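Notes follow once the structure below has been shown.
Please read all numbers here as calculations on a predicted model, not as lab measurements. All values below come from the heavy atoms of this structure, side chains included, with hydrogens, waters and symmetry mates left out.
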Amino acid sequence: MSVDHEVAAAEDEPVPGIAVTTATVVGYGLAAAVLVGWFLYGWLVQQQGFVASVGESAGAGFALLLAVSVVGTMRRSRR
């Protein structure tokens, strides 16, 4: 029974999180706005079709996520 008690006590403790800077939140918001703008530009201005515009903006978003992941990995490996 002591194991159950220890687990219950550990669940109540706060878990320290990684702080996210304001610049990071602003950067992600700006990237999201640019991707939505890219979608609307392709769909409404270039008239290339809804599915093509979704695919193009999703591809750009995934490429951006990949770039962020690579940069984050490189920065973390320097520490």
Side-chain angles (χ1 to χ4, degrees):
M1 290 295 175
S2 64
V3 174
D4 294 334
H5 180 66
E6 292 173 8
V7 172
E11 290 176 359
D12 294 337
E13 296 175 7
V15 178
I18 298 173
V20 178
T21 63
T22 305
T24 301
V25 174
V26 169
Y28 286 157
L30 182 65
V34 167
L35 288 174
V36 169
W38 187 258
F39 162 74
L40 291 174
Y41 176 75
W43 186 35
L44 300 175
V45 176
Q46 292 182 338
Q47 297 178 351
Q48 63 183 3
F50 181 79
V51 174
S53 296
V54 167
E56 187 173 337
S57 60
F62 285 129
L64 183 61
L65 286 174
L66 179 64
V68 167
S69 175
V70 168
V71 168
T73 301
M74 290 174 61
R75 288 182 65 190
R76 187 171 297 143
S77 68
R78 290 183 184 176
R79 293 182 192 174

**Study point:** Linked, directly or transitively: L44 and F39 (ILVMFWY side chains, under 4.5 Å)
**Key:** yes

Practice item. Compare every heavy atom of G61 with every heavy atom of L35, then report the nearest pair and how far apart it is. Key: CD1-CA, 3.6 Å

Review point. For W38 and S57, which heavy atoms make the closest approach, and how far apart are they?
Key: CD1-CA, 4.0 Å

Check your understanding: Where do Q48 and W43 land on the side chain to side chain donor-acceptor pair (under 3.5 Å) test, with the steps shown first?
Key -> CA-CA 6 Å; Q48 63 183 3; W43 186 35; over 6 Å; no

Check your understanding: CG of L65 to OH of Y28: how many Å apart, nearest 0.5 Å?
Key -> 8.0 Å

Study note, to complete from the structure: Looking only at heavy atoms, the pair that brings G42 and S53 closest together is C-OG, 3.2 Å

Practice item. Treating Ile, Leu, Val, Met, Phe, Trp and Tyr as nodes and any side-chain heavy-atom pair under 4.5 angstrom as an edge, say whether L40 and V34 lie in one connected cluster. Key: no

